[in-house]
Amino acid sequence: MRDFFPGLAGVPAAKSSVSFVDGAEGILEYRGIRIEDLAEHSSFLETAFLLLFNHLPTKLELEHFNRDISQRRRIKYRIIDLLKSLPEQGHPMDALQAAVAALGMFYPTHEVLDEATRYLTAVRLIAKLPTIVAAFARLRRGDEAIQPRDDLSYSENFLYMLTEQIPDPSLVKIFDVCLILHAEHTMNASTFSGMVTASTLADPYTVISSAIGTLKGPLHGGANEAVIHMLEEINSLGQIPAYLDHKLANKEKVMGFGHRIYKVKDPRALVMQGFAQQLDAHRDTQSLFTLARAVEAHMESRVGTKGIRPNVDFYSGIIYHRMGIETDLFTPIFAMARVTGWLAHCFEQYQENHLFRPDQIYEGPHHRPYEPLETREPHSQ
Ligand code: ACO
């Protein structure tokens, strides 16, 4: 019998210097720097630079990186046409995945190892994802997409493209930190899926569209959206014990809890909880934040000893909801941030490439006779 690890749990699939996680201590570092320090002092684009180039930028480098991104925020009118042609009830993650795959057709990238090409591709993807997400959000309501503004910061511009209003600076700051906290997280499902695609030497647009598809699922990035639906379903503090106990008794997953790596509370959830509390200034007894705190307390009493605690997705949705952002945009926003980590891993993969081609344990039959169509009996399960 060969060893088999369902979900590849605990199996190293690559060597990497992009980020480090200690699930027992609740430590997450990007390129060696603690996320708490980045959350306090950095900006999303500075963190993106750190992840991509392995050092914090100088003032001049950051200026150039900001400028290069600001100048590439526009998207081709044909991408807008593509978004217009998609069903308005369709999930924005699918629209994003389709548009990113289509971007690759406008910017064919054959030399994936060429440094200048890599830089330009990374800058384009980081710059254009927010424009695509905001454009789809408006077009599906019948509104015109709003042109990006070069004079606004990355996060300010995204929130502006969603609403056509210049957002409050304190909200811009919170949003920017949320992007920092979502930017990277070692060998997770979407990163792995992107790396498998990169290992075929497919271009970064294809790599990122693979990763977006994987992030969508409710066991991964889609959980932030599912948390809001769950809290809305619970609706009142009194319902919490019955709702959660029923789920736990039926072995159903409670969204926003649990993690393959963390056995303590996810350090990103701790920072986000602070922001969610800050935004819940009136301490409304029925607010999603109040409900969330009570859900966390109940879960702690039931499954805390098993290490099932809030993950990054538990409080992020509450913050975005409070900012007035539509629930199905939460995971696309996650993708806008995570594109930086995906690219960093994709470039590592290109550098030391070895095609991913794992093995399997075959459990099917052998030497089956070929039955002619005329004599085949109905198949019984
Ligand atoms: N609610 C209830 N029970 C849970 C939860 C949860 N959220 N998470 C794990 N468990 C329980 C399982 O039922 C299982 O119990 P058992 O040992 O009695 O059978 C045990 O904990 C182990 O669960 P697994 O699913 O095998 O653990 P895994 O490491 O694969 O789980 C995962 C990780 C998939 C994230 C899981 O915790 C989950 O589904 N959480 C809910 C979805 C979610 O929030 N996903 C976002 C993760 S963060 C991110 O991707 C950005």
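In listed order, ligands and their atoms are each counted from 1.
Between G256 and ligand 1, at least one pair of N/O atoms sits closer than 3.5 Å. Considering both main-chain and side-chain atoms, L219 comes within under 3.5 Å of ligand 1 through a nitrogen or oxygen pair. For ligand 1, none of its N or O atoms has an N or O atom of M299 under 3.5 Å away. In terms of polar-atom proximity, defined here as any N/O pair under 3.5 Å, F257 does make such a contact with ligand 1. Residue K263 has no nitrogen or oxygen atom sitting less than 3.5 Å from a nitrogen or oxygen atom of ligand 1, judged on distance alone.
Taking Ile, Leu, Val, Met, Phe, Trp and Tyr as hydrophobic and joining them when side-chain heavy atoms fall under 4.5 Å apart, one finds L60 isolated, its cluster having no other members.
Of all the heavy atoms of H185, none lies under 4.0 Å from any atom of ligand 1, so neither backbone nor side chain is involved. Only the backbone of P218 comes within contact range of ligand 1, with a heavy atom under 4.0 Å; no side-chain atom does. Looking at E252 against ligand 1, only its backbone comes within 4.0 Å, counting heavy atoms. By the criterion of a heavy-atom distance under 4.0 Å, the side chain of D313, and not its backbone, is placed next to ligand 1. Contact annotation for D266 and ligand 1: no heavy atom of the residue comes within less than 4.0 Å of the ligand. Residue contacts with ligand 1 for N311 involve side-chain atoms from C-beta outward but no N, CA, C or O (heavy atoms, distance under 4.0 Å). By the criterion of a heavy-atom distance under 4.0 Å, neither the backbone nor the side chain of F314 is placed next to ligand 1. Residue contacts with ligand 1, taken as heavy atom pairs separated by less than 4.0 Å, involve V312 solely via side-chain atoms from C-beta onward.
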Q: Under the side-chain contact (heavy atoms from CB on, under 4.5 Å) rule, what do L215 and N188 come out as? Steps first, then yes or no, please.
A: CA-CA 9 Å; L215 186 70; N188 54 82; 5.9 Å; no

Q.
Run T109 and D203 through side-chain hydrogen bond (donor to acceptor under 3.5 Å, both in side chains) and show every step you take.
A. CA-CA 6 Å; T109 313; D203 63 85; 5.1 Å; no

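Of the charged side-chain nitrogens involved, none lies within less than 4.0 Å of a carboxylate oxygen, so that E184 and R31 do not count as a salt-bridged pair. Salt-bridge annotation for E326 and R140: present, with a side-chain N of the basic residue lying under 4.0 Å from a carboxylate O of the acidic one. Salt bridge status for E115 with R118: absent, with no side-chain N to carboxylate O gap under 4.0 Å. Under the 4.0 Å criterion applied to side-chain N and carboxylate O atoms, D266 and R309 are not assigned as salt-bridge partners.
When distances from atom 44 (O) of ligand 1 to the protein are checked, a heavy atom turns up under 4.0 Å. In this structure, atom 11 (C) of ligand 1 has protein heavy atoms in its sub-4.0 angstrom surroundings. Protein non-hydrogen atoms do reach within 4.0 Å of atom 50 (O) of ligand 1. Inside a 4.0 Å radius of atom 5 (C) of ligand 1 there is at least one protein heavy atom.
Side chain of T163 to backbone of L159: a donor-acceptor contact under 3.5 angstrom is found. Checked by atom type and distance alone, the side chain of E156 pairs as donor or acceptor with a backbone atom of S153 at under 3.5 Å.
In terms of protein heavy atoms, atom 35 (C) of ligand 1 is closest to G258 O, 3.9 Å. In this structure, atom 24 (P) of ligand 1 lies nearest to the protein heavy atom K253 NZ, 4.1 Å. Atom 14 (C) of ligand 1 has K306 NZ, 4.5 Å as its closest protein atom, hydrogens excluded (heavy atom only). The protein heavy-atom contact nearest to atom 1 (N) of ligand 1 is V254 N, 2.8 Å. Counting protein heavy atoms only, atom 16 (P) of ligand 1 is closest to K251 NZ, 3.4 Å.
Considering only non-hydrogen atoms, atom 31 (O) of ligand 1 lies nearest to R260 out of R260, K247, R302.
Each salt bridge (Lys or Arg N to Asp or Glu O under 4.0 Å) pair with one or both residues in residues 65-79, not counting sequence neighbours, appears once here: R74-D150.
Using modelled atom types, one finds a donor on one side chain and an acceptor on the other under 3.5 Å when comparing E225 with H91.
What you find for I180 and A39 is that their closest heavy atoms are CG2-N, 4.4 Å.
When each atom of ligand 1 is checked for a heavy atom of A223 under 4.0 Å away, the hits are 43 (C), 44 (O), 45 (N), 46 (C).
For R376 and Y370, the positive end sits near the middle of the six-membered ring, less than 6.0 Å away and at most 45° from its axis. A cation-pi arrangement is present between R124 and Y107, with the terminal nitrogen or guanidinium carbon under 6.0 Å from the aromatic centre and inside a 45° cone about the axis.
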